[in-house]
Visitor: 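Below you'll find the structure I mean.
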Amino acid sequence: MEKDIVKYIGEVLSDLYVVDPKNVAISLERTKPGIEGDYTIVVFPFVKYSKKSPMDTAKEIGVSLKARCEDIDSYNVIQGFLNISMTHEYWVNRLNSLAQAKKADDDSNKPLIMVEFSSPNTNKPLHLGHLRNNFLGDSVSRIVKAAGNRVMKVNLVNDRGIHICKSMIAWLKWGDGITPEKAGVKGDKLVGDFYVLFNNKYKEELEELKKSGLSDEEAEKKSPLMAETRSMLQKWEAGDKDVRKVWEMMNSWVYAGFDETYKKIGISFDRIYYESQTYLLGKSIVTKGLDRGVFVRDEDSSVWIDLTKEGLDRKILLRSDGTTVYMTQDIGTAAQRFAEYNPEKLIYVVGNEQDYHFAVLKKVVQKLGEDYHDRIFHLSYGMVELPEGKMKSREGTVVDADDLVADMIETARSISEENGKLGDIDEAEKNKIIEMIAVGALKYFILKVDPKKQMVFNPKESIDFNGNTGPFIQYTHARICSVLRNAKAQNISVSKRVSEDVRLLDKEISLIASVCSYGKIVDEAAKKLDPGQIANYVYNLCKEYNQFYHDHSILKETDANIIQLRLLLSQQVALTIKNCMNMLGIEVPEVM
RNA sequence: GGUCCAGUAGCUCAGCUGGAUAGAGCAACGGCCUUCUAAGCCGUAGGCCAUGGGUUCGAAUCCCGUCUGGAUCACCA
């Protein structure tokens with residue numbers, strides 16, 4: 001293992017230069033392609049201890065290291081780089097131990113990580129931006145789980161507020177009793193349409209009012225539509241039965257629509273919170289904080305926190321009428337979650353326009369003296385933009401999630417039919433594979449990009465199915481499965497232990513080394529909360545495997561030991577691909 | 001204006017806890033299917049890593065300035 005090699009290097013340093021290896025950063029990296037060696041040690045940092053040239057330092061470390069570790073076959077020194085080559089037996093053993101590794105599966109003692117994501121607004125059908133949120137949240141949950149944690153995926157639905165009343169008013173006024181069934185439209189789309197309708201009617205009304213000489217502000221105040229909406233919100237808050245009934249009905253339409261989309265893109269939650277149930281939370285916490293002098297009350301009796309000393313601003317926590325704001329609610333839900341589940345980490349997957357909000361939230365919680373303030377993480381991600389800039393509903397450039405998925409499926413279907421490899425599979429299975437490819441292409445496209453960066457999506461050029469894409473990786477998996485099927489058909493079974501006597505090709509060694517670094521990559525991705533790390537890794541693994549596959553035959557090899565080695569290696573690569581794609585929330589087919 | 005994030009090939013992105021010749025894919029051009037899946041493989045071409053300085057054996061990577069783009073600074077959520 002790499003760890004053992006690092007340990008040996010430490011011992012060598014300690015012997016040669018009398019330094020405590022704990023104080024020296026030892027970096028062991030894979031040797032760059034084109035240079036002889038498997039691992040590379042950069043010796044520049046050791047020069048100050050050896051008081052010799054980098055070349056001589058590398059050489060003497062090489063001598064001692066080889067003497068100490070029998071797995072090292074040879075070494076060479078180029079400039080300040082010590083490249084070591086491991087023996088073939090070492091690599092065969094690494095492969096064998098991969099095949100025999102068992103999974104530990106007792107979850108109960110693992111730390112709990114809670115991930116909040118998706119958090120849709122019931123007025124707006126899901127679009128491209130939401131997809132990035134959902135894919136990231138889902139993937140990060142899976143990665144964190146793979147890295148050895150328990151995970152709880154939660155969703156906080158924004159189901160109340162003045163904006164929700166707008167679509168209700170529009171439906172009551174102009175809906176004529178229409179339902180998603182009657183309209184033949186998904187529920188979330190129908191409600192979204194009424195929200196748009198309200199805004200259009202409201203705009204018309206304002207224009208009318210302004211014609212009679214009112215200013216913008218006066219018109220807004222006088223608008224009967226808005227007055228009606230405000231009064232509806234009050235009724236809602238008072239629990240008015242009629243209002244609640246409409247609200248519940250329209251929400252149920254939206255949830256049915258959302259569920260359909262979530263199912264299509266393979267997203268699920270362990271618990272769904274609703275703002276209608278959480279928006280009052282936090283008020284008592286703020287009141288108590290006020291008593292303790294953490295917060296201040298203004299003359300108009302609104303409550304604030306002063307964070308100017310922390311480099312932030314003053315932030316309101318309770319309005320002058322005593323009602324809560326967004327921040328108040330988040331203070332409440334955080335307290336509730338830590339009280340109820342006490343997670344090790346609470347990760348919020350929310351766009352970077354909320355960076356400030358979460359900076360404030362953490363500070364407020366800290367000032368309240370809660371020990372969980374440093375367990376709150378904001379996974380902030382960048383906007384998804386179109387080539388011409390931001391998506392604008394006004395200009396009709398919003399890329400709807402359902403439409404996009406449907407388009408992807410159509411493209412996947414036509415490519416698949418062109419290739420004609422799914423010929424003799426039954427229709428249901430075929431559709432399943434096509435959807436797998438379509439959703440896989442979409443998820444991979446979005447997840448391979450560093451979350452914090454804003455990304456560009458071009459709907460016209462669509463998403464590729466060749467190159468660094470989900471389908472490429474799925475294809476590699478299907479290809480390996482095909483080889484394994486052929487082996488089985490020829491009655492060749494895959495042994496879990498390959499003979500140590502086989503001589504390995506460079507490409508085989510490098511593939512084994514790549515598969516071996518899986519665990520390290522998962523830890524890294526979990527630490528950074530970055531699915532892109534996994535995507536990059538699995539892409540490189542596939543590329544490497546395909547090169548190997550192209551240059552060398554597996555089943556036509558004459559040496560039975562080599563067949564065994566290549567089959568086992570192929571099987572392990574396929575397993576690694578499957579695990580990686582699973583962490584991205586992408587399924588892999590056995591045929592495509 | 002303050003704060004935060006980003007700027008790498010024509011396009012979309014890796015690489016960023018300093019290390020060898022800055023990598024992929026797409027698009028362009030040229031090869032490879034009677035042989036385990038060609039959604040694949042190989043090759044050609046494409047770069048003042050926004051810019052100016054600094055730190056050092058060494059900078060795309062760290063620090064400072066400048067320019068450009070985005071976000072944010074509500075009794076909205």
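Below, chains carry the letters A, B, ... as their sequence lines are ordered, and counting in each starts from 1. Remember, it's a predicted structure, so these values are computed and weren't measured experimentally.
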Visitor: For A60(B), which nucleotide in any strand shown is its Watson-Crick or wobble partner with both distances under 3.5 Å?
Guide: none
Visitor: Can you check whether K453(A) has a side-chain N or O nearer than 4.0 Å to OP1 or OP2 of A6(B)?
Guide: no
Visitor: When you compare G18(B) with C62(B), how far apart are their C1' atoms, in angstrom units rounded to a whole number?
Guide: 7 Å
Visitor: Determine, for R314(A) against D298(A), whether the closest basic-nitrogen to carboxylate-oxygen distance falls under 4.0 angstrom.
Guide: yes
Visitor: Choose from A14(B), A77(B), A20(B) the nucleotide whose nearest atom is closest to any side-chain atom of T40(A).
Guide: A20(B)
Visitor: If the cut-off is 4.0 Å, is R230(A) near the phosphate of C76(B), judged by side-chain N/O to OP1 or OP2?
Guide: no
Visitor: Checking side-chain polar atoms at under 3.5 Å, does S85(A) have a donor or acceptor matched by the opposite partner on D38(A)?
Guide: no
Visitor: Working to the nearest 0.5 Å, report the span between SG of C481(A) and CD1 of I577(A).
Guide: 8.5 Å
Visitor: Whole angstroms only, please: what is the CZ-P distance between R30(A) and G19(B)?
Guide: 17 Å
Visitor: Between G30(B) and U68(B), how far apart are the two P atoms, rounded to whole Å?
Guide: 43 Å
Visitor: Side chain of M455(A), heavy atoms from C-beta onward: which of A20(B), C13(B), A14(B) has the nearest atom to it?
Guide: C13(B)
Visitor: Parallel, tilted or perpendicular, judged at 30° and 60°: which one describes the rings of Y348(A) and F358(A)?
Guide: tilted
Visitor: What distance separates M168(A) CE from T229(A) OG1, expressed to the nearest 0.5 Å?
Guide: 10.0 Å
Visitor: Say we look at G19(B) and C42(B): how far apart would their P atoms be, to the nearest angstrom?
Guide: 27 Å
Visitor: Please tell me which of the listed nucleotides, A77(B), U37(B), A39(B), lies nearest to the side chain of E275(A)?
Guide: A77(B)
Visitor: Is any side-chain N of the basic residue among K578(A) and E587(A) closer than 4.0 Å to the acidic one's carboxylate O?
Guide: no
Visitor: Starting from P on C76(B), measure out to CD on Q354(A) and report it in whole angstrom.
Guide: 15 Å
Visitor: State whether the distance check finds a donor on one side and an acceptor on the other, under 3.5 Å, for side chain N83(A) versus base A20(B).
Guide: yes
Visitor: Roughly how many Å apart are U12(B) and G52(B), using the C1' atom of each and rounding to a whole number?
Guide: 29 Å
Visitor: To the nearest Å, how far apart are Q533(A) CD and A14(B) P?
Guide: 10 Å
Visitor: In B/S/- notation, 5' to 3', how is nucleotides 24-36 of chain B contacted by protein heavy atoms closer than 4.0 Å?
Guide: SSS--------SB
Visitor: With P as the reference atom in both, quote the distance from U66(B) to G2(B) in angstrom, rounded to an integer.
Guide: 9 Å
Visitor: Would you tell me if any nitrogen or oxygen in the side chain of K315(A) comes within less than 4.0 Å of OP1 or OP2 on C73(B)?
Guide: no
Visitor: Say you pick atom C1' in G25(B) and the same atom in U51(B); how far apart are they, in whole Å?
Guide: 28 Å
Visitor: At 4.0 Å (heavy atoms only), tell me whether M383(A) reaches a base, stays on the sugar-phosphate, or touches nothing.
Guide: nothing
Visitor: Can we call the ring centroids of F457(A) and F445(A) under 6.0 Å apart?
Guide: yes
Visitor: Go along nucleotides 57-63 of chain B 5' to 3' and tag each nucleotide: B for a protein heavy atom under 4.0 Å from its base, S when only backbone or sugar atoms are that close, - otherwise.
Guide: B------
Visitor: Where does C33(B) land, syn or anti, once you apply the within-90°-of-0 test for syn?
Guide: syn
Visitor: Start at the 5' end of RNA chain B and walk down; is the nucleotide closest to F465(A) or to I78(A) reached first?
Guide: I78(A)
Visitor: Given A39(B), U37(B), A71(B), identify the nucleotide with an atom nearest to the side chain of N419(A).
Guide: A39(B)
Visitor: Look at all strands and tell whether V47(A) reaches a base, only sugar-phosphate, or nothing, counting heavy atoms closer than 4.0 Å.
Guide: nothing
Visitor: Determine whether the aromatic ring centres of residues Y195(A) and H163(A) are separated by less than 6.0 angstrom.
Guide: no
Visitor: Measure from CG on N546(A) to P on A39(B) and round the result to the nearest Å.
Guide: 11 Å
Visitor: Can you figure out which of U37(B), A74(B), A14(B) approaches the side chain of I316(A) most closely?
Guide: A74(B)
Visitor: M327(A) CE to A74(B) C1': how many Å, rounded?
Guide: 12 Å
Visitor: Does the side-chain ring of F472(A) lie flat on the base of G40(B), meaning centres under 5.5 Å and planes less than 30 degrees apart?
Guide: no
Visitor: Judged by modelled atom types alone, do E388(A) and T397(A) share a side-chain donor-acceptor pair under 3.5 Å?
Guide: no
Visitor: Measure from CH2 on W304(A) to P on C73(B) and round the result to the nearest Å.
Guide: 13 Å
Visitor: With a 4.0 Å cut-off on heavy atoms, is K452(A) in touch with a base, just the backbone sugar-phosphate, or nothing at all?
Guide: sugar-phosphate
Visitor: Under 4.0 angstrom, heavy atoms only, what part of the nucleic acid is D450(A) near: base, sugar-phosphate, or nothing?
Guide: sugar-phosphate
Visitor: Using atom CD1 of I446(A) as one end and atom P of U12(B) as the other, report the distance to the nearest whole Å.
Guide: 16 Å
Visitor: Answer yes or no: does a side-chain N or O of Q547(A) lie under 4.0 Å from OP1 or OP2 of C42(B)?
Guide: yes
Visitor: How far does the C1' atom of G46(B) sit from the matching atom of U8(B), given to the nearest Å?
Guide: 14 Å
Visitor: With P as the reference atom in both, quote the distance from U44(B) to C36(B) in angstrom, rounded to an integer.
Guide: 28 Å
Visitor: Assess the side chains of S416(A) and N419(A): does a donor N or O sit below 3.5 Å from an acceptor N or O?
Guide: no
Visitor: Think Y475(A) has a side-chain N or O under 4.0 angstrom from the OP1 or OP2 of A39(B)?
Guide: yes
Visitor: Could you check whether V449(A) gets within reach of a base, just the sugar-phosphate, or nothing at all, counting any heavy atom under 4.0 Å?
Guide: sugar-phosphate
Visitor: Measure CD/E29(A) against P/A20(B) and give the value in whole Å, please.
Guide: 9 Å
Visitor: Taking the nucleotide of RNA chain B with the nearest heavy atom to each, does D355(A) or N352(A) sit closer to the 5' end?
Guide: D355(A)
Visitor: Run the salt-bridge test on R319(A) and D321(A) with the 4.0 Å N-O cut-off and return the result as yes or no.
Guide: no
Visitor: Once you apply a heavy-atom cut-off of 4.0 Å, does I35(A) come out as touching a base, just sugar-phosphate, or nothing?
Guide: base
Visitor: Once you apply a heavy-atom cut-off of 4.0 Å, does Q454(A) come out as touching a base, just sugar-phosphate, or nothing?
Guide: sugar-phosphate
Visitor: Within 45 degrees of the axis of the six-membered ring of Y39(A) and under 6.0 Å from its centre: does R30(A) put its NZ or CZ there?
Guide: no
Visitor: Which part of the nucleic acid, if any, lies within reach of L318(A) when heavy atoms closer than 4.0 Å are counted: base, sugar-phosphate only, or nothing?
Guide: nothing
Visitor: Hey, is E524(A) close enough to K520(A) for a salt bridge, meaning N to O under 4.0 Å?
Guide: no
